[in-house]
Amino acid sequence: MIESTVAAAFALPIDELAAPTRRRAEVAFARQVAMYIAHVDLGLSLTETGGLFERDRTTAAHACRVVEDRRDDGDLDRLLDAIEAVVVAWKLTLECCRRRAVPGRTH
């Protein structure tokens, strides 16, 4: 869900974000945004975030610093706000579905 949302926001193929190598600067930044969202908005630890993208926790920490530093750009900040809103909405929807999926309960 994070990768799909970020890839769409940056108009990049989703498989580029999951690539094992850095790729072009815009792909690397989009991946950093995805790591930032995973850590800041979904509450994953830096170790979990790095693992999600097959990177080290220090790479995830660096990604968060880079994205936070670039939020001073108003256009980028608005884009990040929109991405965060979509990801958080997905998270809340999944949590709601899990609460409703109680074993033995019918709807």
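Keep in mind that this is a model prediction, so the values were computed, not measured.
Between V27 and L17 the shortest heavy-atom distance is O-CD2, 3.9 Å. For the pair Q32 and V66, the tightest heavy-atom approach, listed with the atom from each and the gap, is OE1-CG1, 3.5 Å. Shown here for M35 and A60, the closest heavy-atom pair between the two residues is SD-CA, 3.7 Å.
Under the 4.5 Å side-chain contact rule for hydrophobic residues, L12 and F29 share a cluster. I14 and I37 fall into different hydrophobic clusters, where Ile, Leu, Val, Met, Phe, Trp and Tyr side chains are chained together by heavy-atom contacts under 4.5 Å. By the criterion of side-chain heavy atoms lying less than 4.5 angstrom apart, applied directly or through intervening Ile, Leu, Val, Met, Phe, Trp or Tyr residues, L79 is grouped together with V33 in one hydrophobic cluster.
Taking CG from L42 and CH2 from W90, the interatomic distance works out to 13.0 Å, rounded to the nearest 0.5 Å. Going from atom CZ of R65 over to atom CD of E68 covers 11.5 Å, rounded to the nearest 0.5 Å. For the atom pair I83 CD1 and I2 CD1, the distance stands at 11.0 Å (nearest 0.5 Å).
The salt bridge (charged side-chain N to carboxylate O under 4.0 Å, His left out) analysis of residues 5-20, with sequence neighbours excluded, yields the pairs E16-R23, E16-R24. Applying the salt bridge (charged side-chain N to carboxylate O under 4.0 Å, His left out) definition to pairs two or more places apart or across chains, those involving residues 77-86 are R71-D77, R71-D81, R71-E84, D75-R78. Here salt bridge (charged side-chain N to carboxylate O under 4.0 Å, His left out) pairs that include residues 30-54, with residues two or more places apart or in two chains, number zero.
Using a 4.5 Å cut-off on side-chain heavy atoms (C-beta onward), T49 and C64 make no contact.
The side chain to side chain donor-acceptor pair (under 3.5 Å) test applied to T58 returns D56, not counting sequence neighbours.
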Output side-chain donor-acceptor pairs under 3.5 Å for residues 3-10, partner residues at least two apart or in another chain, one line each.
residue, atom, partner, partner atom, Å
T5, OG1, M1, O, 2.8

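Under the 4.5 angstrom side-chain criterion for Ile, Leu, Val, Met, Phe, Trp and Tyr, the cluster partners of V88 are L92.
Atom CZ of R55 has more than 12 heavy atoms from other residues, nucleotides or ligands within 6.0 Å.
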